[in-house]
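Read the structure below first, then the notes.
Atoms within each ligand, like the ligands themselves, are counted from 1 in listed order. Small disclaimer: the values here were computed from a predicted structure and weren't measured.
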Amino acid sequence: MAVRHIIHLDMDAFYPSVEIRDHPELAGRPVVVGGLSDRGVVSSASYEARKFGVHAAQPMVTARRLCPGGIFLAVRMDRYREISRQVFRIFHRFTPLVEALSIDEAFLDVTDSTRLFGEPAAMARQIKATVLHETGLTASAGVAPSKFVAKIASDMQKPDGLTVIGPNEVQAFLEPLPVEKMWGVGKATRATLGRLGVRTFGDLKRIPIGELERKLGQRGAQMQALSLGLDARPVEPERKVKSVGHEETFEQDIENVAAARKKILSLCTRVARRMRRHEIRGKTLTLKVKYSDFRQITRATTMAHATDDAVEIFSAACRLLRNTEAGKRPIRLLGISVSRLELPGQGEQLCLFEPEHSTRKRRNLNRALDSVIEKHGEKSVLPGSLLEPRP
Ligand SMILES: [Mg+2]
């Protein structure tokens, strides 16, 4: 197979960097962005703040203790999205094959762009320079023949890094790296690998495949292939949305079922509205509950037909709530997500019968609500009558 050229680009400390760009007087100060309440968590910390041990997903209380002189700022998601769009537009100038991994991270397949823009390493330098020039922000890049290696490479020399791994250097590059560098591998898998004496990709590639498969199934074989640098996964420009969801950690634990329902209603309303905005419907509903002791459970159900209706989603969620310990145990977090999605244009024609009158009426009502909320904000419409679940 012909060699592919993949660049993984990752903005450096994206949220704090945007804040510093918008408030230049903060340059050089330890900036921490996240939830500012007592129960908030750190979303992202500037490199200055990281020197104090502050990192993403850390409780904000801990961050404040570690870095008393820090600048603590609330998340301004709309602003980060705006800059993100600007950055992605730059990526698209170099290749149409851009796969977003998150708001500030993407794979670019530049195999067919080299004739226009030069060698992949030169292209990565040019992309970084353009991003810096047009947004004032730095990115780190990894250039490699596969997504797997490119992603690991971009992380090697952060911030403002550029790491190029040629096709013949892949094995030597991976050999000494700890298997933790393999993204998407859970704690349990890592523990299993640890028990097998596997610390590095070098160890992983030398373990007899039979043993790996016995312990980890097919996943074991896949991981060994990656440790050998074998990764043919293509860069997929339009990653399909797999689920639409929303979750919330509460300032105070939720003690009773009625309060839990109220929160769930607000989550369902938001999720349904987002689905309608994107003309998506979904069939499977998942309720996530995290109790105050951090134990987390999920309950799922499949609905009779795909829906984007808040009332239907809410009713199903309330049924799921009965299979939890809501009311008996304090709840710290609730989440709702809808999956098995039908995207615009799909599914509708499968519905052989006209929706019954009441459904159609509610669909119109939903549309009306959406336009009010678009104009006047979430709080303007309180679907109080929806508080009681349908039988
Ligand atoms: Mg980043």
Open item on the list: Assigning hydrophobic clusters by single linkage (Ile, Leu, Val, Met, Phe, Trp, Tyr; side-chain heavy-atom cutoff under 4.5 Å), is Met123 placed with Met11?
Closed with: yes
Open item on the list: Show every salt bridge (Lys or Arg N to Asp or Glu O under 4.0 Å) that has at least one partner inside residues 47-56, sequence neighbours left out.
Closed with: none
Task: Residues in ring pair (Phe, Tyr, Trp, His ring centres under 6.0 Å) contact with Phe72, at least two apart in sequence or another chain - done: none
Open item on the list: Taking 2.8 Å as the distance threshold, tell me the number of protein N/O/S atoms next to the Mg ion (ligand 1).
Closed with: 3
TODO: Sequence neighbours left out, what passes side chain to side chain donor-acceptor pair (under 3.5 Å) with Arg39? Give chain and number order.
DONE: Asp253
Task: Phe107-Phe148 aromatic ring centre distance below 6.0 Å - done: no
Task: Backbone of Ala188 reached by a side-chain donor or acceptor of Thr192 within 3.5 Å - done: yes
